[in-house]
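Here's the structure, in C-alpha cells; my notes come after.
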Amino acid sequence: MGTAGIARGPGEVAQAARGELPQLVELADIRGDLHMHTTSSDGFDTIEAMAAAARARGYAYVGITDHRRA
C-alpha cells in the first residue's frame, strides 16, 4: 500500500470533498483496539464480553484503558 497520488499541499481538502483521495486503511487492516473501557469504569460491557467480541473480529490484541470512576 503506497501513498502515490495523495496530495501533500493545500489542495487535499478540496480533493477529499470531491472523493479523490485514496482509501488508506481498509477494515481488514485493523488488527486490534488499543483504547477500550469496560464496565469497571465508564464502558458498556464486561472485559469478558469485549475479549469475546475482539476474538470474533479476528483481533490480535486489545488494550483495556479503564480509569477510575469519578
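These numbers were taken from a predicted model, which means no experiment stands behind them.
- Between Arg57 atom CZ and Ile30 atom CD1 the span is 11.0 Å, to the nearest 0.5 Å.
- The environment of Ile64 atom CD1 is dense: over 12 non-hydrogen atoms of other residues, nucleotides or ligands sit within 6.0 angstrom.
- Looking at residues two or more places apart in sequence or on another chain, you find a side chain to side chain donor-acceptor pair (under 3.5 Å) between Arg18 and Glu20.
- Residues that satisfy the salt bridge (charged side-chain N to carboxylate O under 4.0 Å, His left out) test with Arg55, not counting sequence neighbours, are absent from this structure.
- The side chain to side chain donor-acceptor pair (under 3.5 Å) check on Asp66 picks up Thr38, Ser41, with sequence neighbours excluded.
- Asp33 has its side chain within reach of His35: a pair of non-hydrogen atoms, C-beta onward, lies under 4.5 Å apart.
- For the pair Ala49 and Asp45, the tightest heavy-atom approach, listed with the atom from each and the gap, is CB-OD1, 3.1 Å.
- Looking at residues two or more places apart in sequence or on another chain, you find a side chain to side chain contact (heavy atoms under 4.5 Å, CB included) between Ala16 and Leu21.
- Minimum heavy-atom separation, Val25 to Gln23: O-NE2, 3.1 Å.
- Distance OG/Ser40 to CZ/Arg68: 15.0 Å, rounded to 0.5 Å.
- Cluster partners of Leu34, using a side-chain heavy-atom cutoff of under 4.5 Å among ILVMFWY residues and allowing indirect links, are Tyr61.
- Checked by atom type and distance alone, the side chain of Thr65 pairs as donor or acceptor with a backbone atom of Met36 at under 3.5 Å.
- Shortest non-hydrogen contact noted between Thr39 and Phe44 is CG2-C, 3.7 Å.
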